[in-house]
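Reading through the structure tokens given below for one structure.
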Amino acid sequence: MTVISKDIDLAAKILQANEVIAIPTETVYGLAANIYSEDAIKKIYSLKNRPHSNPLIVHVGSINKAEELVESFPEKAKLLAQRFWPGPLTLILQKSPKVPNWITAHKQYVAIRIPHHQKTQELLQKIAFPLAAPSANPFMRISPTSANHCYNYFNEKIELILDGGACKRGIESTIISFHDSFPTILRLGSISIEEIKSEIGEITVHNNIKDEIIAPGMHNKHYSPNTNLILVDDVSPALIASLKAEKIGVLTFNKLISHQKIIKCLRLTKTLNLKEAAKNLYSFLHQLDNINTDIIIAEKVPLSGIGVTINDRLFRASQK
Ligand code: AMP
Ligand code: MG
């Protein structure tokens with residue numbers, strides 16, 4: 001049986017025995033283990049069914065701890081760390097020999113962040129090692145933003161889910177690599193491109209669906225419900241009426257629409273607030289995926305700030 005608990009000491013004890021648990025963060029829940037235990041890390045890969053070519057993000061409790069894991073910390077990376085840590089920003093920096101190759105998929109660069117969640121910060125203070133913590137979902141599936149989502153994916157397979165409530169951000173971290181000290185956004189995330197630019201100026205975004213995949217996990221299909229999802233610019237009763245499907249789930253930015261074929265319509269925000277929309281996104285996708293519908297019709301959100309990330313995730317959820 002998997003236990004859902006708020007007990008940080010118990011969580012620390014299980015991690016110290018080199019077992020895998022689920023932990024809360026402000027972005028999504030993670031499947032966490034000691035980065036220095038090859039067995040525990042192998043278990044993460046097998047639980048997630050994740051290809052071994054796809055490296056894991058290392059979670060630490062302080063900037064000092066992050067510095068211990070890298071060869072160099074370029075100036076702009078430091079500015080970003082000081083501004084956004086603890087928070088939903090992952091930096092990819094040249095790794096120190098201390099960092100095991102099984103975390104980085106044998107790359108010379110390691111992905112690091114300090115999560116902004118009180119329980120996980122307390123947990124990191126209690127243990128002597130950093131945690132690898134990829135999102136606690138099977139490969140390609142919708143990320144979990146609550147303890148229950150983790151339970152639905154991994155019941156019986158892990159001992160403990162550390163319950164930290166609903167994730168405040170609800171979307172993964174923004175990943176910025178510093179290959180040869182040059183910053184590039186590899187994955188859009190909870191921190192918007194504008195926020196990054198306001199700290200370090202212009203930055204290349206290598207995340208267009210068309211671009212070659214250089215962050216190994218950024219497949220076009222990702223974050224997917226089991227139910228087919230179709231992404232549209234604008235959802236209307238006329239559009240619903242025109243579809244062959246008889247039982248339809250609908251996800252909108254702000255409007256509620258009704259039609260006899262709509263089983264459930266969820267709106268991401270009642271107040272046109274993109275942050276609220278991000279927080280609700282995965283949770284609503286889980287809800288719509290768990291009712292019996294033929295398809296989910298999702299509507300794009302406004303393309304500004306975190307809206308760019310939300311549309312990226314909706315696009316990937318719509319890929320077959
Ligand atoms: P997740 O573990 O599901 O939060 O996804 C983490 C993503 O971080 C992976 O899919 C990779 O794209 C990226 N990543 C982690 N470590 C590295 C690394 N060393 N080099 C490049 N990308 C990385
Ligand atoms: Mg993931």
Side-chain angles (χ1 to χ4, degrees), residues 20 22-33 35 41 43-60 66 69-71 77 87-115 117 120 130-145 149-150 153-154 167 169-180 182-191 205-207 209 211-225 281-282 285-286 309 312-313 316-317:
V20 178
I23 58 165
T25 80
E26 80 282 30
T27 59
V28 302
Y29 275 69
L31 269 187
I35 67 162
I41 300 306
K43 194 163 172 198
I44 289 183
Y45 277 96
S46 84
L47 282 165
K48 278 183 65 77
N49 198 16
R50 180 175 176 122
H52 284 271
S53 56
N54 191 348
L56 307 180
I57 297 175
V58 174
H59 293 65
V60 293
L69 299 177
V70 300
E71 284 292 276
L89 170 76
T90 296
L91 297 175
I92 296 184
L93 304 171
Q94 203 176 348
K95 84 178 194 68
S96 107
K98 255 193 236 165
V99 176
N101 284 325
W102 53 72
I103 291 296
T104 64
H106 294 269
K107 292 177 197 311
Q108 288 314 302
Y109 284 77
V110 60
I112 307 183
R113 85 176 189 101
I114 306 179
H117 191 290
T120 292
L131 291 175
S135 52
N137 52 302
F139 186 54
M140 304 238 205
R141 300 290 306 282
I142 309 169
S143 300
T145 55
H149 295 155
C150 301
Y153 283 140
F154 297 112
C167 300
R169 296 289 197 137
I171 286 194
E172 292 81 357
S173 59
T174 302
I175 300 182
I176 302 186
S177 82
F178 280 85
H179 281 85
D180 301 325
F182 182 79
T184 309
I185 296 183
L186 291 193
R187 175 174 78 182
L188 298 175
S190 280
I191 296 178
V205 181
H206 187 107
N207 189 63
I209 304 297
D211 286 351
E212 175 202 357
I213 293 167
I214 57 173
M218 294 310 292
H219 306 276
N220 281 356
K221 178 181 157 73
H222 209 140
Y223 317 102
S224 288
L281 177 67
Y282 291 144
L285 283 174
H286 278 284
T309 305
D312 169 84
R313 298 303 193 266
R316 291 176 202 276

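We count ligands from 1, going down the list as the structure has it; atoms in each ligand are counted the same way.
- Considering backbone and side-chain atoms alike, R187 places an N or O below 3.5 Å from some N or O of ligand 1.
- Where the criterion is an N or O separation shorter than 3.5 Å, residue side chain and backbone included, T104 fails it with respect to ligand 1.
- Heavy atoms only, all atoms of each residue included: Y282 and E172 are closest at OH-OE1, 2.8 Å.
- Proximity to Y109 (heavy-atom distance under 4.0 Å) selects the following atoms of ligand 1: 19 (N).
- For ligand 1, the polar-atom distance check against K48 finds no nitrogen or oxygen pair separated by under 3.5 Å.
- The closest donor-acceptor contact from the side chain of W102 to the backbone of P55 lies at 3.5 Å or more, if one exists at all.
- Every atom of ligand 1 with a heavy atom of A111 under 4.0 Å away is listed here by number and element: 15 (C), 16 (N), 17 (C), 19 (N).
- Listed by number with element, the atoms of ligand 1 under 4.0 Å from a non-hydrogen atom of K107 are 20 (N).
- Using a 4.0 Å cut-off between heavy atoms, E172 makes no contact with ligand 1 at all.
- Taking T174 as the reference, nothing meets the side-chain hydrogen bond (donor to acceptor under 3.5 Å, both in side chains) condition, with sequence neighbours excluded.
- Counting atoms of ligand 1 from 1 in the listed order, those under 4.0 Å from a heavy atom of S135 are 1 (P), 2 (O), 3 (O), 4 (O).
- Those atoms of ligand 1 with a heavy atom of P134 less than 4.0 angstrom away are 2 (O).
- Not counting sequence neighbours, K95 has no partner by the salt bridge (charged side-chain N to carboxylate O under 4.0 Å, His left out) test.
- For the Mg ion (ligand 2), protein N, O or S atoms under 2.8 Å: 1 in total.
- When non-hydrogen atoms are compared, ligand 1 lies under 4.0 Å from the side chain of N54 (C-beta onward) but not from its backbone.
- Both tests do not hold together for R50 against F139: distance to the six-membered ring centre under 6.0 Å, angle to the ring axis within 45°.
- Using a 4.0 angstrom heavy-atom cutoff, R50 counts as in contact with ligand 1.
- For the pair S173 (side chain) and I175 (backbone), a donor-acceptor distance under 3.5 Å is absent.
- Counting heavy atoms from C-beta outward, T184 and L186 have side chains that approach closer than 4.5 Å.
- In I175, the part holding a heavy atom less than 4.0 Å from any atom of ligand 1 is the side chain.
- Residue pairs meeting the side-chain hydrogen bond (donor to acceptor under 3.5 Å, both in side chains) criterion with at least one partner in residues 22-33, sequence neighbours excluded, are T25-T27, T25-R113, E26-R113, T27-R113.
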